[in-house]
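Quick notes on the structure that follows.
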Amino acid sequence: QFKTSSKRKRKRPLPADDDKTETVESEVDALTGEERPQGSSEPAARAGWNSKIEYFLAQVGFSVGLGNVWRFPYLCHQNGGGAFLLLYVLLLLVLGIPLFFLELAAGQAIRQGSIGVWKYISPKLAGIGYSSCVVCFFVALYYNVILAWSLFYLGNSFQYPLPWEQCPKQGNITVKECERSSPTSYFWFRKALDTTDSIDEVGSFNTNMICCLLAAWTIVCLGMFKGIKSSVKVMYFSSIFPYVVLICFLVRGFMLEGAMDGIIYMFYPKLEIWADLQVWLQAATQVFFALGLGFGSIIAYSSYNPKNNNCHRDAFTVSFINFLTSVLASLVVFAVLGFHAKVKVDACIMPTFNSSDSSPVAAEVYSSWFKEYGSKVSANLTDCDLEKEMQKGVKGTGLAFIAFTEAMSRLPGSPFWSALFFLMLLNLGLSTMFGTMEGILAPLTDRFKTLAKNKTKLTIFSCIIGFVIGLLFTQRCGNYFVTMFDDYSATLPLIIVVVFECFSVSWLYGADRFLDDIEVMLGWRPPIIYKYLWKYICLLAMVGLLAVTTIRTFIKRPTYTAWNQETASNSDLPYPDWALAVLALLILFAMMPVPVGLIHSFLQDRKKPSRDTEAGQYSIVNTDETPMTELDFRNGVATSMS
């Protein structure tokens with residue numbers, strides 16, 4: 001009879017807006033027998049958004065970042081065009097939106113940052129929140145370096161002609177490195193980065209980049225100075241301006257010769273690509289990172305919402321805005337690159353061999369002739385393949401600072417378009433940086449009262465630390481470290497974080513119970529399909545993605561793309577042993593809070609064995625067959641917060 005009554009009392013709704021802190025602390029006091037001092041001050045009420053528009057600008061600004069512009073178009077083009085879009089939408093509906101909804105609902109219900117949320121849901125896995133903070137810090141370190149690069153190019157855009165339009169000369173001789181590559185490649189690797197030939201060659205610090213990095217961190221610090229109240233004011237510009245620029249580029253791009261060729265090359269569907277497991281993995285990875293899952297920023301922003309906000313609708317709205325932005329960016333990128341490729345192909349087409357006819361031959365004719373006879377001709381001829389031209393440097397920094405920059409230099413009024421483009425990159429990066437920093441600051445200030453009372457000082461201190469450590473990336477080999485951090489410091493840890501998030505909600509806390517809490521919060525119950533998506537589909541998919549990513553990391557030695565000054569070309573080099581050790585330390589350091597938190601929780605349980613006897617009824621739960629009961633949950637909260 002007692003067990004039956006205890007089961008009826010087992011469910012407890014997640015805390016309401018105003019009583020969350022008091023509810024948890026009162027439970028802790030009741031279970032530990034501690035009394036709170038009479039004169040203790042209660043924590044101030046949690047801040048909130050002034051309007052729904054502010055919240056949308058923040059969430060969209062965080063999720064829509066540089067990856068939408070320089071990674072999604074590349075993946076779409078390389079993996080079947082229109083077929084990849086269909087696959088992406090499918091995985092967005094099955095994986096992305098359910099996990100996005102999970103984080104939104106958890107943050108909104110518990111009204112805490114990532115540390116508080118996962119400590120509340122599963123005290124033994126409280127380290128999940130700390131891991132999210134560590135990953136956010138790693139990402140902020142190198143992401144702000146990309147903003148520094150954008151600032152450097154933005155500053156150099158206000159001159160005519162642009163400094164990357166022509167090769168420099170030493171006397172009357174063109175610099176060989178530039179002559180062997182291109183003006184844009186030379187400016188990027190030699191003038192902007194002054195890069196070394198490998199990551200082993202440290203070199204000196206780049207003074208220009210140090211100044212730009214200082215400026216980037218100063219902008220972030222000023223934007224975050226007063227929390228969301230100050231950052232949202234910047235987001236009114238930084239989140240909207242990129243869309244204005246993309247539309248301007250789209251209109252201008254459609255007016256260029258070769259634009260439609262570029263768009264056709266990108267969106268031409270290749271349905272047979274669906275049979276390739278690699279394409280599924282890349283699509284799932286892009287969905288995962290495009291939405292910003294696991295960072296804790298989604299939870300932090302959602303925690304400022306009112307209790308009855310429709311976070312289910314928000315999950316769909318923000319996700320599809322993100323997807324449509326990626327499609328818009330893809331149209332712009334390949335319209336401009338189509339024009340760029342057309343110009344280069346036209347420039348290399350040789351006249352017909354009929355001396356009486358000097359008109360140029362068609363690209364297709366010349367290309368087929370070159371494949372058959374090109375190797376037999378002593379002249380220095382090159383193939384003229386439109387698709388090959390468009391594949392050159394259409395990913396990451398190669399797209400933004402080389403290929404797209406070269407295309408813009410061919411437009412009339414090139415300084416205007418260049419300044420517009422790099423100002424767009426700066427704003428895209430800023431809105432993402434604000435979200436990343438909020439993913440660090442909000443959990444820490446929620447967890448530690450001392451930091452909450454000194455949030456402004458914490459913000460300034462975090463930015464100073466970020467700048468000092470970020471000097472690592474301003475060395476001549478600094479761009480190789482950016483690549484290392486981008487490829488490895490966040491990928492594995494974030495996937496592991498999301499696996500634990502999904503497991504703790506759907507299995508430890510209980511998917512049904514979580515849906516009950518959402519029903520109390522929203523006034524209606526989400527579809528039952530979310531239970532099965534969280535418990536099986538999403539969890540198994542993320543575990544599979546984790547397994548494949550881990551196996552690849554260990555089977556194939558990681559490589560990076562290095563610039564060789566002598567040959568003026570890129571080459572893939574394996575990371576040296578010391579760099580692999582750094583990679584391993586980054587991943588271990590990011591994931592260390594999870595096992596440490598688990599061990600700490602068990603040790604706390606062993607230190608206070610009398611708690612079950614003091615609170616008589618709580619010792620009965622061990623006789624119940626339910627894996628995780630409400631009574632277990634209460635004991636865990638008391639243990640972890642004592």
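- Separation of the F187 and W164 ring centroids falls under the 6.0 Å cut-off.
- Summarising the geometry, atom OG belonging to S330 is positioned 11.0 Å from atom CG belonging to L250; distances are rounded to the nearest 0.5 Å.
- Remark: K233 NZ is loosely packed, at most 12 non-hydrogen atoms of other residues, nucleotides or ligands lying under 6.0 Å away.
- Heavy-atom neighbours of F461 CZ from other residues, nucleotides or ligands within 6.0 Å: at or below the threshold of 12.
- Taking the six-membered ring where the residue is Trp, W188 and Y153 present tilted rings, their angle falling between 30° and 60°.
- When only modelled atom types and interatomic distance are considered, S414 and Y160 share no side-chain donor-acceptor pair under 3.5 Å.
- Sulfur-sulfur distance for C221 and C463: not below 2.5 Å, with no disulfide indicated.
- Residues N68 and S326 have side chains that bring a donor and an acceptor to within less than 3.5 angstrom of each other.
- When ring centroids are compared, Y88 and F323 come within the 6.0 Å threshold.
- No side-chain N or O of K191 forms a donor-acceptor pair with one of N208 less than 3.5 Å apart.
- If you take OG1 on T459 and CZ on F225, they are separated by 8.5 Å, rounding to the nearest 0.5 Å.
- For CD1 of I53, the number of neighbouring non-hydrogen atoms (other residues, nucleotides, ligands) closer than 6.0 Å is 12 at most.
- Checked against side-chain contact (heavy atoms from CB on, under 4.5 Å), L93 has the following partners two or more places apart in sequence or in another chain: V89, I97, F316, F320.
- Counted by atom type alone, D314 and Q59 present zero donor-acceptor pairs between their side chains at under 3.5 Å.
- Using the six-membered ring where Trp is involved, Y301 and F62 have ring planes that are perpendicular, over 60° apart on the 30 and 60° scheme.
- Two rings, from F422 and W149, have their centers 6.0 Å or more apart.
- Checked against the 6.0 Å centroid criterion, the rings of Y55 and Y304 do not qualify as a close aromatic pair.
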